[in-house]
**Q** 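Dropping a structure here in structure tokens format, bear with me for questions.
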2 protein chains.
Amino acid sequence: MNSFDMKALQREILLGFWKVHVLHHASERPVIGQWMIQELRRHGYDVSPGTIYPLLARMEERGWLKCTTDPDGGLRARKEYSMTRKGQEVLDLLRKQAEELYREVVLGEDEKETE
Amino acid sequence: MNSFDMKALQREILLGFWKVHVLHHASERPVIGQWMIQELRRHGYDVSPGTIYPLLARMEERGWLKCTTDPDGGLRARKEYSMTRKGQEVLDLLRKQAEELYREVVLGEDEKETE
DNA sequence: CCAAGTTATTACGATTATCATAATCGGATA
DNA sequence: TATCCGATTATGATAATCGTAATAACTTGG
């Protein structure tokens with residue numbers, strides 16, 4: 001298959017992409033950790049709970065997502081993360097960056113100069 | 001300005017984008033650490049040497065980039081990183097991912113189903 | 001009603017990446 | 001030769017990620 005270290009690539013770069021996907025999905029419907037794990041597996045990537053859950057928790061801490069749980073659901077009830085105003089701002093910026101990235105590295109357009 | 005923690009955003013997500021830019025640039029002409037720092041500054045982002053140089057060194061370790069230096073240039077001669085075959089494979093995969101990301105979060109296309 | 005699976009999250013210790021800042025090196029400038 | 005500039009290196013602290021195991025609550029079958 002690939003001749004390179006996929007684990008390193010996931011950690012250094014792809015995980016960042018997936019975080020953008022998470023924010024995007026969260027802006028349409030609530031996201032839960034387990035869904036994210038399965039979704040990535042479906043795409044052929046394997047990411048451990050020890051990565052996913054802390055990641056969502058950090059996004060909540062930072063105010064990018066808000067978390068709701070069934071209060072009667074017990075200690076490990078499923079957590080639904082949905083978008084906040086701040087998260088939306090982050091996502092807006094990320095969309096711009098994702099577009100720049102696409103234009104430059106996929107389409108091969110030159111960077112626009114800041115004059 | 002922004003109401004969110006830009007430092008966290010840079011660290012968790014944007015830095016990954018910039019790594020893709022680095023690989024892309026390296027596939028066209030050699031890249032050096034100082035250039036990268038200035039380029040990011042030009043775009044309004046501030047990243048420290050303690051991030052950039054280890055990052056390039058890791059890419060070399062992993063065989064994604066190869067490094068050439070003027071052998072008579074002394075201990076801190078400028079290092080030029082250029083693309084390797086393995087790095088090109090990494091970049092190819094990243095281009096696909098960047099395109100998926102763009103289609104989904106910028107254009108709002110639905111994911112393609114794996115049936 | 002109990003045992004066994006299923007769906008989820010949490011805990012944890014080890015490893016790796018990132019950060020800010022200071023130090024260093026060598027060439028150019030004056 | 002003293003100073004500045006372009007670059008990289010060193011370092012110690014902090015933060016993110018990893019794999020694995022533990023836990024909790026529901027569901028299902030006998």
**Q** Do A:Val22 and A:Tyr81 have side-chain heavy atoms sitting under 4.5 Å apart?
**A**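 No. Closest side-chain heavy atoms not under 4.5 Å.
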**Q** First and last nucleotide of DNA chain D in contact with chain A, 5' to 3', at under 4.0 Å to a heavy atom: what are they?
**A**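 Nucleotide range in contact with chain A: D:dA16 to D:dA25.
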**Q** Among the clusters formed by ILVMFWY side chains lying less than 4.5 Å apart, do B:Leu75 and B:Leu56 turn up in the same one?
**A**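 In one cluster: no.
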**Q** Under 4.0 Å between a side-chain nitrogen and a carboxylate oxygen: does that hold for B:Glu39 and B:Arg42?
**A**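 Salt bridge present between B:Glu39 and B:Arg42.
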**Q** For a quick check under 3.5 Å, do A:Gln34 and A:Tyr53 share a side-chain donor-acceptor pair by atom type?
**A**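 Result is yes, a qualifying pair exists.
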**Q** Salt bridge check: are A:Glu99 and A:Arg103 linked by an N-O gap of less than 4.0 Å?
**A**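 The answer is yes: the pair qualifies as a salt bridge.
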**Q** What is the distance from CG of A:Leu55 to P of C:dT10, rounded to the nearest Å?
**A**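 Nearest whole value for this atom pair: 14 Å.
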**Q** To the nearest Å, give me how far apart CG (A:Asp70) and P (C:dT9) are.
**A**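 In whole Å, C:dT9 P lies 13 Å from A:Asp70 CG.
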**Q** Heavy-atom nearest nucleotide on DNA chain D for A:Asp46 versus A:Asp72: which residue maps closer to 5'?
**A**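 Mapping each residue to its closest nucleotide by heavy atoms, the 5'-most match is A:Asp46.
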**Q** Taking only N and O in the side chain of B:Arg58, is any of them less than 4.0 Å away from OP1 or OP2 of C:dA17?
**A**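 Indeed, a polar side-chain atom of B:Arg58 lies that close.
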**Q** Atom CD of A:Glu60 and atom P of C:dT9: how far apart are they, to the nearest Å?
**A**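 A:Glu60 atom CD is separated from C:dT9 atom P by 12 Å.
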**Q** Residues of residues 3-21 of chain A with any non-hydrogen atom less than 4.0 angstrom from an atom of DNA chain D: list those, numerically ordered, please.
**A**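 Nucleic-acid contacts, sorted: A:Lys7, A:Arg11, A:Leu15, A:Lys19.
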**Q** With rounding to the nearest 0.5 angstrom, report the CG to CD distance, A:Asp5 to A:Glu12.
**A**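 Output value for this atom pair is 9.5 Å.
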**Q** Below 4.5 Å, heavy atoms only, C-beta onward: do A:Ser27 and A:Leu91 meet side chain to side chain?
**A**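 Yes, close enough: below the 4.5 Å cut-off.
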**Q** Relative to the ring of B:Trp35, is the ring of B:His25 parallel (under 30°), tilted (30 to 60°) or perpendicular (over 60°)?
**A**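 B:His25 vs B:Trp35 ring planes: perpendicular.
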**Q** Where each residue is assigned the nucleotide of DNA chain C containing its nearest heavy atom, which of A:Arg78 and A:Gly50 is assigned the position nearer the 5′ end?
**A**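 The residue whose closest nucleotide sits nearer the 5' end is A:Arg78.
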**Q** Want to settle it: does A:Gly74 or A:Thr51 sit nearer the 5' end of DNA chain D, counting the closest nucleotide to each?
**A**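 Taking each residue's closest nucleotide, the earlier one in sequence belongs to A:Thr51.
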**Q** Report the distance from atom CG of A:Leu40 to atom P of C:dA8, rounded to the nearest whole Å.
**A**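 In whole Å, C:dA8 P and A:Leu40 CG are 15 Å from each other.
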**Q** If we ignore angles and hydrogens, is there a donor and acceptor under 3.5 Å between the side chains of B:Ser3 and A:Glu89?
**A**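 Per modelled atom types, B:Ser3 and A:Glu89 side chains form a pair under 3.5 Å.
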